[in-house]
Amino acid sequence: MPNLSEAAIIGVVDAKWGERPLAILVARPGGNVDNAAVQKHVKTYADKGVISRFAIPDRIMFVETLDKTSVGKIDKKVLRAKYGDG
């Protein structure tokens, strides 16, 4: 999406399904994006059969920055520790 600068998806505990995706997003400065727009964008990939409908995140979180490793990759271990408990 053009109004996002970074995105990460992690699995979080869900009472009904066991685990569901949580989208952790960083908006571009001045970018205007909301949960509905993100879900609609991801749904287009489900409609094409690229991903399953189950992969469309129910929960979307906007943050200022994503944690990175020492080599600049998104650190999903840290994200899971911060946000994985739901």
Side-chain angles (χ1 to χ4, degrees):
M1 292 187 69
N3 289 334
L4 296 178
S5 62
E6 294 184 299
I9 308 293
I10 61 170
V12 294
V13 176
D14 182 82
K16 182 176 180 181
W17 300 105
E19 185 176 77
R20 291 285 296 139
L22 166 65
I24 306 167
L25 310 173
V26 178
R28 290 191 187 280
N32 186 12
V33 64
D34 62 7
N35 292 9
V38 172
Q39 288 177 325
K40 182 179 177 182
H41 178 75
V42 176
K43 185 180 179 299
T44 63
Y45 290 94
D47 292 343
K48 293 177 190 175
V50 176
I51 63 171
S52 71
R53 290 197 180 278
F54 186 76
I56 300 170
D58 296 329
R59 296 181 46 211
I60 298 169
M61 175 180 291
F62 290 92
V63 296
E64 293 293 318
T65 61
L66 292 175
D67 294 288
K68 306 274 177 54
T69 65
S70 61
V71 294
K73 294 183 178 184
I74 294 172
D75 195 337
K76 288 201 171 183
K77 287 181 183 177
V78 172
L79 294 178
R80 285 185 196 103
K82 276 185 172 179
Y83 307 112
D85 292 335

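The chain is numbered in sequence order, starting from 1. Values below: every heavy atom of this structure, side chains too, minus hydrogens, waters and symmetry copies. This structure is a prediction, so every number in the text was calculated from the model and none was measured.
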Shortest non-hydrogen contact from [X] to [Y]?
| X | Y | value |
| --- | --- | --- |
| Phe62 | Val38 | CZ-CG2, 4.4 Å |
| Gln39 | Pro57 | NE2-O, 2.8 Å |
| Phe54 | Glu19 | CZ-O, 3.3 Å |
| Ala8 | Leu79 | CB-CD1, 3.7 Å |
| Glu64 | Val26 | O-CG1, 3.3 Å |

Backbone of [Y] reached by a side-chain donor or acceptor of [X] within 3.5 Å:
| X | Y | answer |
| --- | --- | --- |
| Lys76 | Ile9 | yes |
| Arg53 | Ala46 | no |
| Arg20 | Ile56 | yes |

Nearest 0.5 Å please: distance from the [atom1] atom of [X] over to the [atom2] atom of [Y].
| X | Y | atom1 | atom2 | result |
| --- | --- | --- | --- | --- |
| Arg28 | Glu6 | CZ | CD | 9.5 Å |
| Leu4 | His41 | CG | NE2 | 8.0 Å |
| Met61 | Leu25 | CE | CG | 10.0 Å |
| Asp34 | Lys40 | CG | NZ | 10.5 Å |

*Do other residues, nucleotides or ligands put more than 12 heavy atoms under 6.0 Å from Asn32 CG?*
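No.
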Qualifying residue, where the test is side-chain contact (heavy atoms from CB on, under 4.5 Å) with Ile74 and the options are Leu66, Ile10, Ile24, Thr69
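Result: among Leu66, Ile10, Ile24, Thr69, Leu66 is the only option passing the side-chain contact (heavy atoms from CB on, under 4.5 Å) with Ile74.
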